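Throughout, a chain's letter reflects where its sequence line sits, starting with A, and its residues are numbered from 1. Note that this is a predicted model, so its numbers are computed, not measured.
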Amino acid sequence: MNKASAGARGMGPFRRTRPMNLFADIRALTLDALADLARDGTIPEGLETGNVTVEPPRDPAHGDMATNAAMVLAKPAGLKPRDIAEALAAHLSADPRIAEAEVAGPGFINIRLAPRVWQDVVGKVLVAGTGFGRSGMGQGQRVNVEYVSANPTGPLHVGHTRGAVFGDALAALLEYSGHDVTREYYINDGGGQIDTLARSVYLRYLEAHGQEVAFPEGVYPGDYLVPVGEALKAEYGDAWVDRPEEEWLPAIRAFATEAMMDLVRTDLARLGVKMDVFSSEKALYGTGRIEAAIEELRGKDLIYRGTLEPPKGKLPEDWEAREQTLFRSTAYGDDVDRPIQKSDGSWTYFAPDIAYHHDKVGRGFDALINVFGADHGGYVKRMKAAVAALTDGTVPLDIKLIQIVRLLRDGQELKMSKRAGTFVTLSDVIDMVGPDVTRFVMLTRKNDAPLDFDVSKVLEQSKDNPVFYVQYAHARVMSVLRKAAEAGIDASDESLRTADLGKLDHEAEQALAAKVAEWPRLVEIAARTHEPHRVAFYLYELASGLHALWNRGHEDTTLRFLQDDPDTSRAKIALARAVSIVIAAGLGILGVEPANEMR
RNA sequence: GGGCCCUUAGCUCAGUUGGAUAGAGCAGCCGACUUCUAAUCGGCAGGUCGAGGGUUCGAAUCCUUCAGGGCCCGCCA
């Protein structure tokens, strides 16, 4: 079913992945040192070391890395933190990678790495290319990311765009960190809104036949249905003109849904989003798959006939108690049990959703992720309950809620109203700013924070525009490579790999290399937390580091990338090139093309 | 009435499975262009992390109560 999975498991490529996460390396070194201390009796054997961290300190004055090992272990070891720290620091200092390990504060060990370590990072990036930062963390785990999943009733709008970008970046991030990812779109083509769509298209069909048509309340008035009506005429002629709804509804439903999905696919393609799988809700009906999923739950005594308590607070006017078929979602943390059948016996939307997730689980995924709009927040608990019930808790479902986008122009909000037909589509946004800017800006906020998207500001070429700022850093490096070539220096990656990186001896250069070295760790954190925005923020910081070093070359010409001595030049260019490679890798995850020049 | 999310500098927001003196950009003030792109950079100033209580060596982060904002709350998906 999925070609990548076979190779990704067992003896596959992840077995060979060399960890490039420097922080993980030093943590391993720390654990080794602790094991030595246990062996010689300084600390007890068998201490739990899961909470030992090695991370970059906030304050650079505290060195390159800091570990909390002594503080975490003090209590279980029955020793003073500083005593453990002293012994541990002594052990760490013996490693050639450690220039200095000193005890500070309540028992931190501040570690300063040998310059050689930072120089090596640059070399590793040049060898690994944009694969520097790839991780085996996911161990080939199969993850399904479901996103967009918009009702096929019209073109995608700005809100969908954010979900699309988020889901796509998350999928890429998970792939980069060693997961086997399937990108999936669930087509909500089973509900009553498709009838509305069909009736709306029918009116456009009549229009195409020259009839004067009024658009009553409750149909979709959008112009985008005009060509669908015309296409319908082209295919079926006047066969359905002035015929009763029963005759044409099913056929036009199918026709219109297909047309809308074409629209959606076109929009997604413009954004650079390519789904692996489209799953249809409608296709679940009449196949017995909904019934099968419900039966599975019934077998676990999670389906029953019952009557729900009326909702607290404002009571709907027409509320009356009814007996319904309910799913016992409270058994898995939901607040109330949820109906899966309407009072007329047909399924609620929840039932096919259960079947759909049953299907996903049946396809063998190890983890599921759904990207929903924030207005679906009330749906999270029951969906998680359903998946937990279907899999006995063995397959985690994470649901990421995407907050609204406020679209602005010159600081003025563009008010949107679907009824007035003034909503801004994904296509409109791409026309205005292009796919790269759209994607990057959509990821400059955490998913659960509202996002202001000012279409005039994001095109500004200034540092308050993060897209530009990051692209500019990349373009600057490309400029250096061009200048180097003009000066007769071989600045190809092959050549730079052989550069004498020992010449990168300045603290400012090592600081930038240190930022580069954070990339693999950042990837793992972002992947673990399912937060691709972290990549965008990191790229901003990395770009900032490059700009800073660049400008130091104004005062101190020895810090400029291009030097009179070719060997020195190549070492410095190698550093710049490493930065550009990591920027390219990060932008790749976000789905943004790096710029070679900004003119 | 209940559930979920949010509240961090004047503004917009980051903040690492709990870590040291809480960061960035914008706005404000001061500075750097005979230069690989000044479309950039450096510095100053700016905070009871919504409020109270708790957990512990240590809390913006975890628990709890409260306040304010958003989304949702049987037969719409």
Salt bridge (charged side-chain N to carboxylate O under 4.0 Å, His left out) partners of residues 562-574 of chain A, not counting sequence neighbours, each pair once: A:E509-A:K572

Please report, rounded to the nearest Å, how far the [atom2] atom of [N] is from the [atom1] atom of [X].
X: A:H554; N: B:rU35; atom1: NE2; atom2: P; answer: 10 Å
X: A:L539; N: B:rA14; atom1: CG; atom2: C1'; answer: 14 Å
X: A:L575; N: B:rC36; atom1: CG; atom2: C1'; answer: 14 Å
X: A:K515; N: B:rU16; atom1: NZ; atom2: C1'; answer: 11 Å
X: A:R406; N: B:rU12; atom1: CZ; atom2: C1'; answer: 11 Å
X: A:F327; N: B:rG74; atom1: CZ; atom2: C1'; answer: 16 Å
X: A:E555; N: B:rC33; atom1: CD; atom2: C1'; answer: 12 Å
X: A:Q403; N: B:rC72; atom1: CD; atom2: C1'; answer: 12 Å

Under 3.5 Å, side chain of [X] to main-chain N/O of [Y], donor-acceptor pair present?
X: A:D436; Y: A:V592; answer: no
X: A:D454; Y: A:D410; answer: yes
X: A:Q193; Y: A:N188; answer: yes
X: A:R162; Y: A:Q403; answer: yes
X: A:D344; Y: A:S346; answer: yes

Rounded distance in Å between the [atom1] positions of [N] and [M]:
N: B:rG46; M: B:rC62; atom1: P; value: 29 Å
N: B:rG3; M: B:rA59; atom1: P; value: 28 Å
N: B:rA45; M: B:rC30; atom1: C1'; value: 11 Å
N: B:rG42; M: B:rA38; atom1: C1'; value: 13 Å

Select from A:S343 and A:A449 the residue whose nearest nucleotide in RNA chain B is closer to the 5' end of that strand. A:A449

Nearest-nucleotide 5' precedence on RNA chain B, A:F561 against A:A374: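 The 5'-side residue here is A:F561.
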
Considering just the side-chain nitrogens and oxygens of [X], establish if one lies under 4.0 Å of OP1 or OP2 belonging to [N].
X: A:K483; N: B:rU37; answer: yes
X: A:W550; N: B:rA38; answer: yes
X: A:R476; N: B:rA38; answer: yes
X: A:K342; N: B:rG74; answer: no
X: A:S479; N: B:rC36; answer: no

Heavy atoms under 4.0 Å, any strand shown: does [X] hit a base, just sugar-phosphate, or nothing?
X: A:S462; value: sugar-phosphate
X: A:H376; value: base
X: A:Y379; value: nothing
X: A:R482; value: nothing
X: A:G377; value: nothing
X: A:H547; value: sugar-phosphate
X: A:E281; value: sugar-phosphate
X: A:L562; value: base

Report the relative orientation of the aromatic rings in A:Y469 and A:Y540; use parallel for angles under 30°, tilted for 30 to 60°, perpendicular for over 60°. parallel

Which label fits A:Y186 and A:Y356: parallel for a plane angle under 30°, tilted from 30 to 60°, or perpendicular past 60°?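 A:Y186 vs A:Y356 ring planes: parallel.
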
Taking only the side-chain heavy atoms of [X] (C-beta and beyond), determine which of [options] contains the nearest atom.
X: A:M598; options: B:rC41, B:rU16, B:rU37; result: B:rU37
X: A:N151; options: B:rG74, B:rA32, B:rA77; result: B:rA77
X: A:D375; options: B:rU37, B:rC72, B:rG15; result: B:rC72
X: A:R445; options: B:rG3, B:rA14, B:rU37; result: B:rA14
X: A:P56; options: B:rU16, B:rU40, B:rC57; result: B:rU16

Please indicate whether A:E323 has more than 12 foreign heavy atoms, meaning atoms of other residues, nucleotides or ligands, lying under 6.0 Å from its CD. yes

Expected list for residues 478-491 of chain A: side-chain donor-acceptor pairs under 3.5 angstrom, two or more places apart:
unit_1 : atom_1 : unit_2 : atom_2 : d
A:R482 : NH1    : A:N596 : O      : 3.3
A:D490 : OD1    : A:S492 : N      : 3.0
A:D490 : OD1    : A:S492 : OG     : 3.0

Salt bridge A:R289-A:D359, side-chain N to carboxylate O under 4.0 Å: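 Looking at A:D359 together with A:R289, the answer is yes, because their closest N to O distance falls below 4.0 Å.
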
Can you give the dot-bracket line for RNA chain B, where a pair is Watson-Crick or G-U wobble with both atom distances under 3.5 Å, crossing pairs use [ ], and | marks a partner on another strand? (((((((..((((.....[...)))).(((((.......))))).....(((((..]....))))))))))))....

Could you list the residues that satisfy salt bridge (Lys or Arg N to Asp or Glu O under 4.0 Å) with [X], not counting sequence neighbours?
X: A:E524; value: none
X: A:R27; value: none
X: A:R382; value: none
X: A:E597; value: none

Proximity to RNA chain B (any heavy atom under 4.0 Å), residues of residues 380-387 of chain A only: A:K381

Non-neighbouring partners of A:Q341 that pass side-chain contact (heavy atoms from CB on, under 4.5 Å), sequence neighbours left out: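 With sequence neighbours excluded, A:Q341 shows a side-chain contact (heavy atoms from CB on, under 4.5 Å) to A:R305, A:T325, A:W347, given in chain and number order.
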
Which residue pairs pass the ring-ring contact (aromatic ring centres under 6.0 Å, His included) test with at least one member in residues 440-468 of chain A, sequence neighbours excluded?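 Checked against ring-ring contact (aromatic ring centres under 6.0 Å, His included) - neighbours excluded - the pairs reaching residues 440-468 of chain A are A:F468-A:Y472.
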
When only distance counts, do a donor and an acceptor, one from the side chain of [X] and one from the base of [N], lie under 3.5 Å apart?
X: A:R521; N: B:rU16; answer: yes
X: A:R552; N: B:rC41; answer: no
X: A:D452; N: B:rU12; answer: no

Cation-pi geometry met for A:R521 and A:F23 (6.0 Å, 45°):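 A:R521 over A:F23 ring: yes.
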
Could you write nucleotides 17-29 of chain B as a row of B, S and -, 5' to 3', where a protein heavy atom under 4.0 Å of any base atom gives B, of only sugar-phosphate atoms gives S, and otherwise -? B-BB---SSS---

What's touching nucleotides 6-11 of chain B from the protein side, N or O pairs under 3.5 Å?
unit_1 : atom_1 : unit_2 : atom_2 : d
B:rC6  : OP1    : A:D448 : OD2    : 3.4

